[in-house]
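First the structure, in the form of structure tokens, and then the observations on it.
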Amino acid sequence: MTFFHNKGLATKILFGFTIVGAIIMSNLSSVIAAPTTQAETHAYYPTTETVAKVTAVNKMVQEQETLATAQERHAQQTANTAEQLANQKQQEEIAKKKAEQAKKVAAAKKAAAEKLAAEKAEQAKVEAQKIAKQKAEQQAKENAAKAAAQKATVKTTVATTQPTKTTTTNNTTASTATGSDASAKATIASRESGGSYTARNGQYVGKYQLSASYLNGDYSPANQERVANNYVNSRYGSWSNALAHWDANGWY
């Protein structure tokens, strides 16, 4: 029986059985010791006191057994509760570890995604700058070509519309260019203004269509010759080189 796990209870029950046994043995002894005629003529009936003692012992045994059963059940319930709590705690620890692992994985994925996004953004930025630079260079080339074409058109128009009387002016001022440079200088002057010191096209003035800022307000033939020579020598080294640039680009 399960209540024997309780040593104190087992002792009490054994004590109760001992008392019952003693009472029964005492009654049996009385029967054995009685005369034969009495045993033969009278049946044995336990006394009221004996019955009461046996009943009390049985009741005590039943109560002790009931108590032991209740204690055993309570102990089992306590053990079950403890086991459930232990299992619950174990499950919570497992869930906590899984959550921490998932958090680490999510953080690693987030960091990788952010790094990839940053790399893509940097690459896109570099590509955008490259494209913008190419467009700017292309636009600059187109603008330069348009400006050169426009200037060439204007110069050609000016050259074809100058009056013939201006040709007499060309001989009034000496040129420092000689030989091929002199020929190149004359060709440029003819293309730029038709050889006229008084030709104007916006900010460009005179025989060589110099910028007005170069002449500093002095539009005299002498100053135009001096400034033109200085400009060509400093920029191209000679009038021949200036003419070669004009032939290639439509301006000098």
Side-chain angles (χ1 to χ4, degrees), residues 1-140:
M1 298 177 66
T2 57
F3 64 86
F4 285 143
H5 292 293
N6 191 324
K7 294 183 179 179
L9 177 60
T11 302
K12 291 180 180 180
I13 294 173
L14 291 175
F15 177 71
F17 282 132
T18 301
I19 294 174
V20 174
I23 294 172
I24 293 172
M25 291 300 296
S26 177
N27 291 332
L28 290 175
S29 298
S30 298
V31 173
I32 295 172
T36 305
T37 56
Q38 183 179 359
E40 292 176 352
T41 59
H42 299 284
Y44 171 71
Y45 296 97
T47 63
T48 303
E49 182 180 0
T50 300
V51 173
K53 289 180 179 179
V54 171
T55 301
V57 170
N58 288 335
K59 183 178 181 181
M60 181 184 68
V61 171
Q62 291 177 355
E63 290 176 351
Q64 293 297 328
E65 184 177 1
T66 301
L67 178 62
T69 302
Q71 290 178 345
E72 182 70 17
R73 186 181 296 110
H74 177 71
Q76 186 63 39
Q77 291 176 350
T78 303
N80 291 339
T81 302
E83 185 177 0
Q84 291 176 356
L85 292 175
N87 291 336
Q88 182 178 357
K89 184 177 181 181
Q90 184 178 7
Q91 293 298 326
E92 290 176 352
E93 291 178 352
I94 293 174
K96 184 178 179 181
K97 290 181 179 179
K98 288 184 178 180
E100 291 177 351
Q101 184 65 24
K103 186 177 180 181
K104 291 180 180 179
V105 173
K109 289 183 178 179
K110 182 180 179 182
E114 290 177 349
K115 182 179 179 181
L116 180 60
E119 291 176 352
K120 288 184 177 180
E122 183 64 24
Q123 185 177 1
K125 182 179 179 181
V126 172
E127 291 295 330
Q129 291 176 347
K130 183 178 179 181
I131 293 173
K133 183 178 179 181
Q134 291 176 348
K135 288 184 177 180
E137 292 177 350
Q138 183 65 27
Q139 188 64 39

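As the structure is a prediction and not an experimental result, all values here were calculated from the model.
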Exercise for review: Mind checking the OG1-CD spacing from Thr69 to Gln64? Nearest 0.5 Å is all I need.
Suggested key: 11.0 Å

Point to revise | Partner set under side-chain contact (heavy atoms from CB on, under 4.5 Å) for Glu49, not counting sequence neighbours | key: Thr47, Lys53

Review point. Of Lys97, Gln90, Lys96, which is the lone residue that meets side chain to side chain contact (heavy atoms under 4.5 Å, CB included) with Ile94?
Key: Gln90

Check your understanding: Listed by chain and number, what are the side-chain contact (heavy atoms from CB on, under 4.5 Å) partners of Glu119, not counting sequence neighbours?
Key -> Lys115, Leu116

**Study point:** Inter- and intrachain pairs under side-chain hydrogen bond (donor to acceptor under 3.5 Å, both in side chains), touching residues 120-140, at least two apart
**Key:** Gln138-Glu142, Gln139-Asn143

Practice item. Please identify each residue that fulfils side chain to side chain donor-acceptor pair (under 3.5 Å) with Asn87, with sequence neighbours left out. Key: none

Point to revise | Counterpart residues, salt bridge (Lys or Arg N to Asp or Glu O under 4.0 Å), relative to Glu114 (two or more places apart) | key: none

Please tabulate, for the side chains in residues 76-86, all donor-acceptor contacts under 3.5 angstrom to protein atoms that are two or more places apart in sequence or on a different chain.
residue, atom, partner, partner atom, Å
Gln76, NE2, Asn80, OD1, 3.1
Thr78, OG1, His74, O, 2.8
Asn80, ND2, Gln76, O, 3.2
Thr81, OG1, Gln77, O, 2.8

